[in-house]
Each structure stands twice: as C-alpha cells, then as structure tokens.
Amino acid sequence: MRKTFKFLLPVLVLAVGFGVFRFLKATKPEQEPPQVQERAWRVEVETAEPRRLAPELELYGRVETPDLLKAAASAPAWVAEVAVRDGDRVSKGDLLVRLDERDFLPRIAQAKAQVAELEAEIASEQNRLETDTRALEQEQRLLANARDGVERQTRLKTQKVGAEQALDEAEQAEAQQALAVSNREMSIANHPTRMRALEARLDSARARLDELELEHERASVRAPYDGVVAGVSVAVGDQVSKGAVLVELFALDSLEVRARVPAPYQGELIAALLGDEPLTASASLGDQHLDLTLERLAGEADPSGVDGLFRVEGDPEMLRLGQMLRVRLHRPTQDGLIAVPFRAVYGNGRLYVLDDGRLRGVEVETFGGWTGEDGKERLLVRAPELTAGTRIVTNHMPNAMDGLKVEPVKDHA
C-alpha cells in the first residue's frame with residue numbers, strides 16, 4: 001500500500017499541475033493584434049504669395065575714381081616742404097608740396113636775359129635798315145657821279161685830249177661804286193628775312209620764359225579742389241626729376257564702385273540701361289548703409305562678365321580708394337515671383353508643397369536672392385504650379401520624397 005502511494009503521488013502532482021495550466025490558459029484574456037500606423041513628419045509651411053519683385057544679385061565691388069590726381073614735379077628740383085600726410089582732408093588751394101625756388105630762379109633769369117638780348121638785336125636791325133636806306137641814297141649819287149666821270153673821260157679820249165689811264169681809273173671807280181650800291185640794296189632786301197629770324201628767336205625765348213615761369217608757379221603744388229590725400233611719395237630733402245609724382249589726391253564726390261557682373265546677367269542689365277530703367281543697389285559698411293545706382297557698364301568685357309560702375313548716392317565720407325564692398329544689385333522687376341527660405345529649395349531647383357497631408361515635389365525656376373522688409377534674405381522662385389494659396393514646405397528634410405506623409409507645425413503667411 002505504501003509503495004503504491006509513493007508511486008501515485010508524483011503522478012497526481014503532475015496531473016494537478018497540468019490541469020491548472022490548462023485552466024489558466026483557457027481563461028487568460030485575448031489581446032488584439034497590434035495596429036501598424038504610418039508616421040507623420042512635422043514640417044513648417046508657408047502660403048505662397050506671387051508678387052512683382054526685383055531679384056537681387058550679390059556682387060563684390062571696389063571703390064575707385066576716374067579722377068585720381070597725381071601731382072608731379074614741374075621741373076628737376078629739391079623738395080623744400082611737404083605739408084600733408086596720407087589720408088589728410090584738404091581744401092581747395094591748400095599747399096601740398098613745395099619745391100625749392102632756387103632751382104627755378106636762375107633759369108628764369110637766364111631766359112629773361114636771352115629775351116632782352118634778342119629785343120636789342122631787333123632794335124639794332126631796325127637802326128641798320130634806317131642807316132642802309134640813308135646810305136643807299138648817298139651811294140646812288142656817288143654812282144651817278146662816277147658814271148659822269150666815265151663819260152667825261154671817254155669824250156676826252158675820243159678827242160685825244162684825255163689819257164688812257166684816267167679813263168681806266170674812272171671806270172674802276174664806277175664799278176666799285178656800283179658794287180657798293182648793290183651790296184647796300186641787298187642788305188636792305190634781306191632786312192625782312194633777318195627780322196623774321198630774330199622775331200622767331202624772340203618768340204622762342206619768350207615761350208621758354210613763359211614755360212620756366214609756369215614751372216616756377218607750379219613749384220608750390222596746391223589742391224585744385226576739396227579732397228583726400230591718397231598718398232605722399234616724397235619727403236623733405238628728396239631730389240626729384242621732372243614728372244615725378246609727388247602726391248596723389250582725389251575728390252570724395254568723384255568716387256564710384258566697380259563690381260564684376262557675371263556674364264549671364266549682362267544682357268538684362270544692358271537692356272535695362274538702354275530703356276532708362278534705374279537699377280539701384282545697396283552696400284553696407286559696418287552698421288552704415290550706402291545707396292548706389294548702376295550708372296554704366298564698362299566698355300570691355302570677357303567671358304566671365306563685365307564690370308558695372310555704380311554712382312554713390314548720398315554722402316561718400318565713409319568711402320576710401322581701394323575699399324572692398326559687398327554690393328546687392330536690384331535687378332529688373334518681374335511678375336509672379338515667390339519669396340521662400342533658401343532651405344526650402346533642394347538641389348538645382350525643386351521644392352515640396354503640402355497636398356492632402358503629403359509631400360508633392362515641384363520643379364521651380366530660381367531668380368536669385370531678395371531681402372524682405374524684415375531684413376532677412378530669401379530666394380525668389382517661380383513655377384506654374386505655385387499659385388496664390390499654395391502651401392510650401394519651408395524646412396529642409398533629408399528624407400523628403402513624393403507622397404511622404406507630413407503634418408504642418410503652423411502656417412506662415
């Protein structure tokens with residue numbers, strides 16, 4: 001009996017455990033199968049508003065002037081005084097550099113002496129003419145007397161009264177007197193030629209004197225207008241040659257900005273300038289704002305583009321030669337443009353719009369940047385599918401694709 005009980009007890013425990021397991025399994029609650037839900041990505045959205053806007057073109061310009069004055073030495077001389085330094089503001093008439101007068105005065109004195117000498121020669125030539133004229137009258141009378149003497153000796157010889165020697169002497173005296181009259185007439189005839197030569201030399205001497213006096217006048221280099229000194233090339237004691245640059249000066253109102261315009265935009269800018277459409281631009285110098293106007297394009301271009309020359313509007317006091325500026329040129333206005341954040345556009349021209357809770361790609365044409373009233377820079381785009389009210393996704397999504405389910409965070413007008 002005891003052996004039988006030991007054998008049945010384990011079997012009974014296993015049976016009871018199996019029964020409890022079957023009961024628990026039969027009475028456990030049934031769970032519904034998990035539902036797989038599609039994820040919705042959160043995006044920022046703006047409503048499209050096509051407008052007539054002017055795309056902006058970012059350029060890099062350099063301040064320059066077509067009227068840079070390079071004051072040069074008027075003659076070889078020593079520098080006696082330098083009155084300005086680089087960057088000084090000067091007024092019209094202010095002394096810039098003075099050359100030593102002692103290098104000019106001796107040459108002027110020599111030129112004046114040459115002029116006086118030639119004037120004296122001309123006066124002497126006039127006296128010579130008067131003397132020759134009076135002498136010619138006397139010599140002509142003497143020639144007449146000599147001829148009368150020849151005739152008289154000829155008659156006497158014919159009458160066999162006069163001697164042969166007397167006739168020869170009379171003919172010789174006549175010939176000598178005729179030669180004297182001829183020389184005197186030639187001297188009088190050459191008077192105009194001698195006068196022209198002397199007057200030409202006098203004119204040359206006077207021109208040389210004027211030149212030397214002008215060089216002396218320019219020995220003191222003065223500012224021809226209000227401006228800024230761009231550079232000083234000499235110091236006191238320097239010896240300079242004629243034409244050597246002493247100082248450079250520019251007027252503030254002559255400054256302009258030269259910026260390279262890329263070749264693809266050259267045609268539209270030429271058309272705008274020919275059509276008298278003003279093209280404005282802006283530049284920033286720290287916290288200062290500078291207004292510009294595209295005045296003309298350079299006469300020479302290359303495959304990379306052409307230089308645009310901008311007139312400075314307002315006070316150019318903050319500008320200096322050689323200064324580099326970041327210029328934003330306002331291109332001709334166009335219709336139907338939409339301003340979107342740069343991050344909204346993918347690749348070379350594709351953005352996404354919200355269509356029934358899903359993304360839909362749209363190919364767009366880009367027109368460059370544009371700065372809004374809030375000072376933020378945006379990209380101008382245009383596409384036939386982008387009409388007023390179209391909801392444009394503005395944040396950049398690495399996994400963006402057509403049909404992706406999204407949920408707008410909020411709409412921006």
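The analysis underlying the following values was restricted to heavy atoms, covering all of them including side chains, and did not include hydrogens, waters or symmetry mates.
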Shortest non-hydrogen contact from [X] to [Y]?
X      : Y      : answer
Ala272 : Pro332 : CB-CG, 4.0 Å
Ser233 : Val245 : CB-O, 3.4 Å
Thr47  : Gly389 : CG2-CA, 3.5 Å
Pro55  : Leu380 : CA-CD1, 3.6 Å
Asp307 : Arg258 : OD2-NH1, 3.2 Å
Ser74  : Phe104 : OG-CE2, 3.7 Å

Can you tell me which residue among Leu404, Val409, Asn395 is in a side-chain contact (heavy atoms from CB on, under 4.5 Å) with Val43? Asn395
Tell me which one of Val340, Leu359, Leu351 satisfies side-chain contact (heavy atoms from CB on, under 4.5 Å) with Val393. Leu359
With a 3.5 Å distance limit and no angle check, can you tell me whether [X] reaches the backbone of [Y] through a side-chain donor-acceptor pair?
X      : Y      : result
Asp291 : Gly314 : no
Asp374 : Lys376 : yes
Thr133 : Leu129 : yes
Asn183 : Ala180 : no
Asp100 : Ala80  : no
Thr390 : Leu386 : no
Arg260 : Leu59  : no
Glu139 : Gln177 : no

Pairs where residues 379-399 contributes a residue and the test ring-ring contact (aromatic ring centres under 6.0 Å, His included) is met, not counting sequence neighbours: Tyr346-His396
Pairs satisfying ring-ring contact (aromatic ring centres under 6.0 Å, His included), at least one member in residues 305-342, at least two apart: none
Any Lys/Arg nitrogen of [X] or [Y] sitting under 4.0 Å from an Asp/Glu carboxylate oxygen of the other?
X      : Y      : value
Asp335 : Arg52  : yes
Arg201 : Glu117 : no
Arg194 : Glu121 : no

Set out, in order, the CA-CA distance, both residues' side-chain angles and the distance that settles salt bridge (charged side-chain N to carboxylate O under 4.0 Å, His left out) for Asp226 and Lys92, then state yes or no. CA-CA 5 Å; Asp226 297 348; Lys92 181 178 180 180; over 6 Å; no
[Y] and [X], any side-chain heavy atoms less than 4.5 Å apart:
X      : Y      : result
Leu321 : Leu255 : yes
Leu319 : Leu285 : yes
Pro76  : Asp103 : no
Val229 : Arg85  : no
Leu337 : Trp370 : no
Lys112 : Glu213 : yes
Leu279 : Arg331 : no
Glu46  : Pro341 : yes

Test log, rule salt bridge (charged side-chain N to carboxylate O under 4.0 Å, His left out), inputs Glu211 and Arg208: CA-CA 5 Å; Glu211 179 183 0; Arg208 176 57 178 165; 3.4 Å; yes
Tell me whether the count of non-hydrogen atoms from other residues, nucleotides or ligands lying under 6.0 Å of [atom1] in [X] goes above 12.
X      : atom1 : result
Met318 : CE    : yes
Asp356 : CG    : no
Arg358 : CZ    : yes
Gln110 : CD    : no

[X] side, atom [atom1]; [Y] side, atom [atom2] - distance, nearest 0.5 Å:
X      : Y      : atom1 : atom2 : value
Arg206 : Asp210 : CZ    : CG    : 9.5 Å
Thr280 : Leu294 : OG1   : CG    : 10.0 Å
Glu268 : Gln266 : CD    : CD    : 11.0 Å
Gln239 : Leu99  : CD    : CG    : 11.0 Å
Arg296 : Leu269 : CZ    : CG    : 14.5 Å
Phe367 : Leu379 : CZ    : CG    : 10.0 Å

Please step through side-chain contact (heavy atoms from CB on, under 4.5 Å) for the pair Val115 and Leu202, ending with a clear verdict. CA-CA 6 Å; Val115 169; Leu202 179 60; 3.8 Å; yes
So Asn127 and Glu130, side-chain contact (heavy atoms from CB on, under 4.5 Å) or not? Walk me through it. CA-CA 5 Å; Asn127 293 333; Glu130 295 176 2; 4.3 Å; yes
How would you list all residue pairs meeting side chain to side chain donor-acceptor pair (under 3.5 Å) that involve residues 312-325, not counting sequence neighbours? Arg89-Glu317, Thr293-Glu313, Arg311-Glu313
Here's one to test your reading of the geometry: is the NZ or CZ of Arg62 within 45 degrees of the ring axis of Tyr60 and under 6.0 Å from its centre? no
For Glu56 and Thr371, test the side chains for any donor-to-acceptor distance below 3.5 angstrom and give the result as yes or no. yes
Quick one about Arg141 and Gln138 (side-chain donor to acceptor, distance below 3.5 Å, no hydrogens or angles considered), yes or no? yes
Can Ile338 and Ile392 be said to form a side-chain contact (heavy atoms from CB on, under 4.5 Å), step by step? CA-CA 10 Å; Ile338 301 171; Ile392 300 174; 4.2 Å; yes
List the steps, then state whether side-chain contact (heavy atoms from CB on, under 4.5 Å) holds for Leu325 with Leu290. CA-CA 10 Å; Leu325 298 177; Leu290 185 67; 4.3 Å; yes
